There are 2 protein chains.
Amino acid sequence: MARPRKPLLSRDRIVEAAGELVDAEGLEAVSTRRLAAALGVSGPSLYNHFRTKDAILEAVADAVSARVDLSMFDGVDGPSDWRPALHAWAHSYRAALADHPNIVPVLARGPGRRPAGLRLADAVFGAMTAAGWPPAQATRIGALMRYFILGSAVASFAQGFVDDETAYDPADYPHLGQAHLLADRRHEVDEGAFETGLTALLDGLTLQYEALRPEPPRP
Amino acid sequence: MARPRKPLLSRDRIVEAAGELVDAEGLEAVSTRRLAAALGVSGPSLYNHFRTKDAILEAVADAVSARVDLSMFDGVDGPSDWRPALHAWAHSYRAALADHPNIVPVLARGPGRRPAGLRLADAVFGAMTAAGWPPAQATRIGALMRYFILGSAVASFAQGFVDDETAYDPADYPHLGQAHLLADRRHEVDEGAFETGLTALLDGLTLQYEALRPEPPRP
DNA sequence: ACCTGAACACCGTTCAAGT
DNA sequence: ACCTGAACACCGTTCAAGT
């Protein structure tokens, strides 16, 4: 066959298959030939729909961003709204990344020109300024939340340790006696740390917010 | 030449050259052939000193971990010490990563069996427990600090936006009108966000610490 | 022990050729 | 317009051969 009457491929089909391959086997497993084979097509065909392999991965990443709920920012317009919105958003964001951890390194490169990534950045910034944060602070909040959430997805703590008791010699690492157990409890550990960190972050931001708009002095 | 009387290579020389290549041209630029050429040697020679290319990158990453100052944890043994220690450590850690941003994705995979990475995890955990944090909380602090610090290095906010005004159509992204300026001010923006986030995190942890050991009730 | 060139099974991407 | 096979310049890694 040369050209079929109905196109065999579409951008959507390619992105879907690429996403499945990334989820199942990781970023390194995605080659144009492997992906094409999964779609029943030859390697170079993909280049009729995307300029590069990287553009395909960007599209996969953006599809993940698109699943992050932003609706909690809609009603934000005062001092009492921003905290719960940020909390709910952070959890939605993290959940989306946890569903597709292998693509996170691509997301970490930034929104660039990816529409869903940009919508996300726009929504946070808009909501924080609406809540009364000065623009420079709103930018910082968007940035630091990004650090924490992406960091939690890309730099899992528990998963970073090896499930091998002998790897952690007490003579070298006196406090890592239990570290080999982390791998087993990794969801528990990483989720606990995420919630603890998120709460600390929001508590700390609340202090800064209150310092920004001081209570009227009591008589 | 076949085998020279003095070895041409050593693990240290390889790690040093690999680090320079990563810093100068990025992770993707490191191929065994390119690295070997920089060392005046043929590709397969490297396999006499490292089992895989990945092991070389792990060694480069560990050399970066080794430059993180841990001395501030030495004297920690009470309630007033942990916060400044954590603050100083976070800055030292971030500075080390900022010097070698291209290797951060390798570091993000976790300490695994890398000695410097393990020493770092050991020191934080040891200091937090010494300061009176319960072990489960100490683990969480190590994890959440890791998320934030690695996240700030791997998921730069300012660098994530494109330096192109037309990329951010106000109709699509009403609040990103200034986003194209972020690239220019990226150090300022990312450093400001890091400090703001770190302060918030430590403020929040301080609240948790105080809740843990309540003040003796006032009569 | 430590280096070499040849070889293997892969890559991403280009391009002329087909319909 | 959209697919194909052939081709190019690369990869990581193995291995027999050399000293």
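Since the model is a prediction, treat every value here as computed from it, not as a measurement. Residue numbering restarts at 1 for every chain, and letters A, B, ... go by the order of the sequence lines.
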Indicate whether OP1 or OP2 belonging to [N] is found under 4.0 Å from a side-chain N or O atom of [X].
{"X": "S45(B)", "N": "dC2(C)", "answer": "no"}
{"X": "S42(A)", "N": "dC3(D)", "answer": "no"}
{"X": "T52(A)", "N": "dG12(C)", "answer": "no"}
{"X": "H49(B)", "N": "dC3(C)", "answer": "yes"}

Closest to the [X] side chain, choosing from [options]:
{"X": "P4(A)", "options": "dT13(D), dC3(D), dT4(C)", "value": "dC3(D)"}
{"X": "P7(B)", "options": "dG5(C), dC2(C), dC11(C)", "value": "dC2(C)"}
{"X": "R34(B)", "options": "dT13(C), dA6(C), dC11(D)", "value": "dC11(D)"}
{"X": "N48(B)", "options": "dG12(D), dT14(C), dC3(C)", "value": "dC3(C)"}
{"X": "T32(A)", "options": "dG12(D), dC2(C), dT13(C)", "value": "dT13(C)"}
{"X": "V41(A)", "options": "dT13(D), dT4(D), dG12(C)", "value": "dT4(D)"}
{"X": "P44(A)", "options": "dC3(D), dG12(C), dG5(D)", "value": "dG5(D)"}

What is the distance, rounded to the nearest whole Å, between atom [atom1] of [X] and atom [atom2] of [N]?
{"X": "R33(B)", "N": "dC11(C)", "atom1": "CZ", "atom2": "P", "result": "15 Å"}
{"X": "D54(B)", "N": "dT13(D)", "atom1": "CG", "atom2": "C1'", "result": "14 Å"}
{"X": "K6(A)", "N": "dC3(D)", "atom1": "NZ", "atom2": "C1'", "result": "17 Å"}

Does one side chain, of [X] or [Y], offer a donor that lies under 3.5 Å from an acceptor on the other?
{"X": "D69(B)", "Y": "S71(B)", "answer": "yes"}
{"X": "E195(B)", "Y": "H87(B)", "answer": "yes"}
{"X": "Y168(A)", "Y": "D122(B)", "answer": "no"}

Here the gap from M145(A) atom CE to L205(A) atom CG, rounded to the nearest 0.5 Å, amounts to 8.0 Å
Is R113(A) paired with E58(A) through a side-chain N to carboxylate O contact shorter than 4.0 Å? no
So, R146(A) side chain and G151(B) main chain: donor-acceptor pair closer than 3.5 Å or not? no
Given Watson-Crick and G-U pairs under 3.5 Å, DNA chain D in dot-bracket ([ ] crossing, | other strand) is ||.|||||...|||||.||
Do F194(B) and F148(B) have their ring centres less than 6.0 Å from each other? yes
